[in-house]
Every structure is written in structure tokens, then in C-alpha cells.
Trainee: 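What follows is a single structure, and I will ask about it in a moment.
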Amino acid sequence: MSHICIAVDAMGGDQGPSVIVPAAIQALSQHVDLHLVLVGDALTVNNVLQKTPLAETVQSRLSVHHAEQVVMMDESPTVALRGKRQSSMRLAINLVKDGTAHACVSAGNTGALMAIARFVLKTLPGIERPAIVYALPAVKGKVYMLDLGANAECRPEHLVQFAVMGSILYSCVEKTAERPRVALLNIGAEPVKGNEVVKQAAQQLQQDPNINYIGYVEGDDIYLGTADVVVCDGFVGNVALKTSEGLSKMILHFAKKAFMHNWYTKFVALLATPILKSLNRRFDPGQYNGANFLGLKGTVIKSHGNANVPAFVRAIEMAMIEVEKNVPEKIQAQMVLEQTLRASS
């Protein structure tokens, strides 16, 4: 592919164009084959652009697409879908639909983004529901977890579809020669544990030669690297993710408090500065920014709403990887194999 064009929702997120525009410029300066379309209020976006000197090579790969409306962070998906047809989010996804852009990146309202993306792009053949997948740090590399909130209730076949999609994404992004280890998140590792949905999904995955299914994992296995892809419904996945985020904040709070306790602990903190900086880089959410909406006929990446410039650049880069690796096409091809397998069994 000679170049990659990505439509960016310039109005989404907590800080909007003040972060997204500089991030777009940085991404363009780092990737010479990248073209970006900033979708948003043209006056606002151009005002931010005028404050930043642009090299000719960057300026020629950047355009602004005007949008009259903005989807607010607290707006309901229904209102956004039906009442904001000229929003920056909707128009950015439309550019993917009509082929102008290869992917869309937004830091906006997650529920609205999923609803609009699903309505405009539709799901791939064989995929009943798209899923939100996110890369998390693990003791060994990364673990890809899905679904993280798009589907609160699932049937066994939905979990199997998530396993297929997560396995393909992991293989594409992590560039591993080995087949990703796929596991179902459960309340125990024993075969008798779990509800009927999880048990039936396990039976189907055990019989699937295309998936490297290793069985159940518990919550404490997620970050140990026991599996490369962890599958669950959106209710469980979202609770697990938010619990992990809360735990990390608590640990950080008490660590800072302990280091500031007295002159001796402050001195120890000074000595430990290189280690603390290394840990901070390892667990920096910006390193993993960019949740994938898998299962759609197109690439849509959701950035954290409070992402800073480097973190939003990472979300753009995630979109580039998906486009370069033809992730939707590979998922569709795999689903054809899955349907053939089920028909012959």
C-alpha cells in the first residue's frame, strides 16, 4: 500500500483539537506514508493548526473536513446515532465507508462510536457482534483482552467469534510465528467451573483446530502472560479492566506516600529514580492506547478520552498497523474457514 489515509475525529475526547491536532502533526512527521483527514469544526481546527509551523511535506498530507456537530462525551448512543448525522464522529466513519479513508480514530464517546460504526460500516460476514479489544501489559509481552464493554451479554458462539478475532489481531500486531494462546476468562481453571455460556464456548473452542485454545484462566492470570488472548463477555471484561485501573492507581498513591514519608524515604526515592522511571514507562497507559473495534467492515480505533499527544499518536499507529495487515480481511477469511468447519462436523 503506497499510503495510508486515516480519518481523525478532531473534536472527540476530553481536550479535543488542542491535543488531537498536535498529535496528528507528530504522527505525520514520523510516518511519511501517512495521510490524515482532521474531521471537525474547520474554524477551530484551523486555528490550532495556525499556531504550529508545518513543514511542506507534512502540510501536503493533512486536510480538514468540516463537521457542523460534535458528539458529547456524556451523550447517549441513540441521540448520537439519530440526531448527530453531521457530527465529526459520524463523518469520520463515513469517510471509511466510502473508501476515502482506510481507518477512523476517535477519542470520543465509546458507546456512540460503537453504535455509529456498527450502523455505518456493518459487521463482517460470520460476525454477529463487534467486540472491543485492548492490549494490556503482562509479565511476558502483552495480553489482548476482549470484549471490554460492547456486549454485556453473550452467547457461546459470540465468545468463539471473539476468540477468532483476537487471535488474528494478536498475530498481526505482535508479529509472532507461534499461534497465539487463547483462553476463556472464568472463575476457576477446572472444567466444571463457570456458567453454561462459558462451558459451551469451551467445548466449541476445544474442537476448533484453527484456534490454539489452552482452556480457562482466572483473573490473576491476565497479567501473568498465561495466555496471549483472553476472551470474556463485555460485562466481565469491562469490570476486570476498570478494577485493574483502580488497583494501579491505588498502588501508585501508596507508593508516592511511602516515598514522601520522611527524609530517609525521600533519599531512597532519589536513588530509585531510574527504576521508578522505567516502571512508569512500562505501565504508562499511553504505551497501550488504542482499543480496536473488531468485527466491522473497516478499521475503527478508540483512543482514551484523556489521552495526551504521545498516547493519541499511538492510537493512530494502531490504526496504521491494522490497515497494513488487512485485519478485517483476515478475520473475514478466517470466518469462512470456521463456517466450513462447522458445516463439515
Side-chain angles (χ1 to χ4, degrees), residues 1 4 6 96 102-105 114 117-118 121-136 138 140-151 154-185 201-202 204-215 217 222 225-234 237 288 290-302 315 317-342:
M1 186 175 292
I4 296 174
I6 296 176
V96 179
H102 299 105
C104 166
V105 178
M114 176 59 83
R118 186 173 181 179
L121 299 176
K122 308 298 189 257
T123 57
L124 292 166
I127 300 296
E128 295 183 23
R129 297 182 183 181
I132 301 175
V133 59
Y134 194 68
L136 302 170
K140 298 179 181 179
K142 300 175 184 176
V143 57
Y144 283 62
M145 188 170 175
L146 69 163
D147 177 33
L148 294 180
N151 307 281
C154 294
R155 298 196 303 271
E157 52 268 30
H158 296 148
L159 298 183
V160 173
Q161 291 167 17
F162 297 166
V164 172
M165 295 191 294
S167 181
I168 290 173
L169 180 65
Y170 185 95
S171 296
C172 290
V173 177
E174 299 305 321
K175 303 174 184 178
T176 176
E178 298 179 358
R179 293 201 303 163
R181 298 162 299 164
V182 179
L184 287 170
L185 186 60
Q204 294 183 35
L205 289 171
Q206 287 168 350
Q207 298 169 2
D208 193 332
N210 299 315
I211 300 296
N212 183 17
Y213 176 66
I214 63 171
V217 293
I222 295 173
T226 305
D228 301 311
V229 179
V230 174
V231 177
C232 57
D233 65 49
Y288 309 93
N292 308 72
F293 284 8
L294 287 183
L296 298 169
K297 292 180 180 178
T299 297
V300 177
I301 301 295
K302 170 65 174 70
E317 291 173 338
M318 283 296 297
M320 293 180 66
I321 292 172
E322 276 212 36
V323 172
E324 289 172 343
K325 298 298 183 179
N326 298 314
V327 173
E329 291 83 357
K330 288 181 179 178
I331 291 174
Q332 182 171 341
Q334 185 62 44
M335 291 311 301
V336 171
L337 291 177
E338 293 291 319
Q339 292 173 339
T340 302
L341 177 65
R342 286 195 296 269

Trainee: Tell me, with the steps shown, if T299 and V96 meet side chain to side chain contact (heavy atoms under 4.5 Å, CB included).
Mentor: CA-CA 8 Å; T299 297; V96 179; over 6 Å; no
Trainee: Would you check if E322 and C172 make a side-chain contact, meaning some heavy-atom pair closer than 4.5 Å?
Mentor: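 SC-SC contact between E322 and C172 ruled out.
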Trainee: Which residues pass the side chain to side chain donor-acceptor pair (under 3.5 Å) test with S171, not counting sequence neighbours?
Mentor: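 Applying side chain to side chain donor-acceptor pair (under 3.5 Å) to S171 gives none.
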Trainee: Got a second to check how far N326's CG is from I168's CD1, nearest 0.5 Å?
Mentor: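 So the gap between those two atoms works out to 12.0 Å.
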Trainee: Check A131 against A150 and note the closest heavy-atom contact, atom names and distance.
Mentor: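 A131 and A150 have their closest heavy atoms at CA-CB, 4.4 Å.
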Trainee: Flag the pair K302 / I132 as yes when at least one side-chain heavy-atom distance between them is below 4.5 Å, and no otherwise.
Mentor: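 Counting from C-beta outward, K302 and I132 never come under 4.5 Å.
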Trainee: Would you check, one step at a time, whether the test side chain to side chain contact (heavy atoms under 4.5 Å, CB included) holds for V327 with L294?
Mentor: CA-CA 9 Å; V327 173; L294 287 183; 4.1 Å; yes
Trainee: I'd like to check the side chain to side chain contact (heavy atoms under 4.5 Å, CB included) partners of R118; sequence neighbours left out, ordered by chain and number.
Mentor: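 Expected list: T123, R129, P130, L296.
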Trainee: Distance from Q334 atom CD to M165 atom CE, nearest 0.5 Å?
Mentor: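 The CD atom of Q334 sits 12.0 Å away from the CE atom of M165.
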Trainee: Please report the shortest heavy-atom distance between Y144 and E174, naming the atom on each side.
Mentor: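 Nearest pair, atom of Y144 first, then E174: OH-OE2, 2.6 Å.
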Trainee: Can you give me the closest heavy-atom contact between Y213 and L184, atom names plus distance?
Mentor: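 Residues Y213 and L184, closest heavy atoms: OH-CD1, 3.6 Å.
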Trainee: Could you grab the distance from atom CG of N212 to atom CZ of R181, nearest 0.5 Å is fine?
Mentor: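 The CZ atom of R181 is 8.5 Å from CG of N212, to the nearest 0.5 Å.
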Trainee: Report the residues that fulfil salt bridge (charged side-chain N to carboxylate O under 4.0 Å, His left out) with D233, sequence neighbours left out, ordered by chain and then residue number.
Mentor: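 D233: no salt bridge (charged side-chain N to carboxylate O under 4.0 Å, His left out) contacts found.
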Trainee: Decide side chain to side chain contact (heavy atoms under 4.5 Å, CB included) for I301 and F293; before the verdict, give the C-alpha distance in whole Å, the side-chain angles of both, and the deciding distance to 0.1 Å.
Mentor: CA-CA 6 Å; I301 301 295; F293 284 8; over 6 Å; no
Trainee: Considering all heavy atoms of both residues, which atom of A183 and which atom of I214 are nearest to each other, and what is their separation?
Mentor: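 So the minimum-distance heavy-atom pair works out to CB-CG1, 3.9 Å.
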Trainee: Report yes if the side chains of V133 and D147 come closer than 4.5 Å at any heavy-atom pair, otherwise no.
Mentor: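 A side-chain contact under 4.5 Å is absent here.
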Trainee: Between C232 and M145, is the side chain to side chain contact (heavy atoms under 4.5 Å, CB included) condition met? List the steps.
Mentor: CA-CA 8 Å; C232 57; M145 188 170 175; 3.9 Å; yes
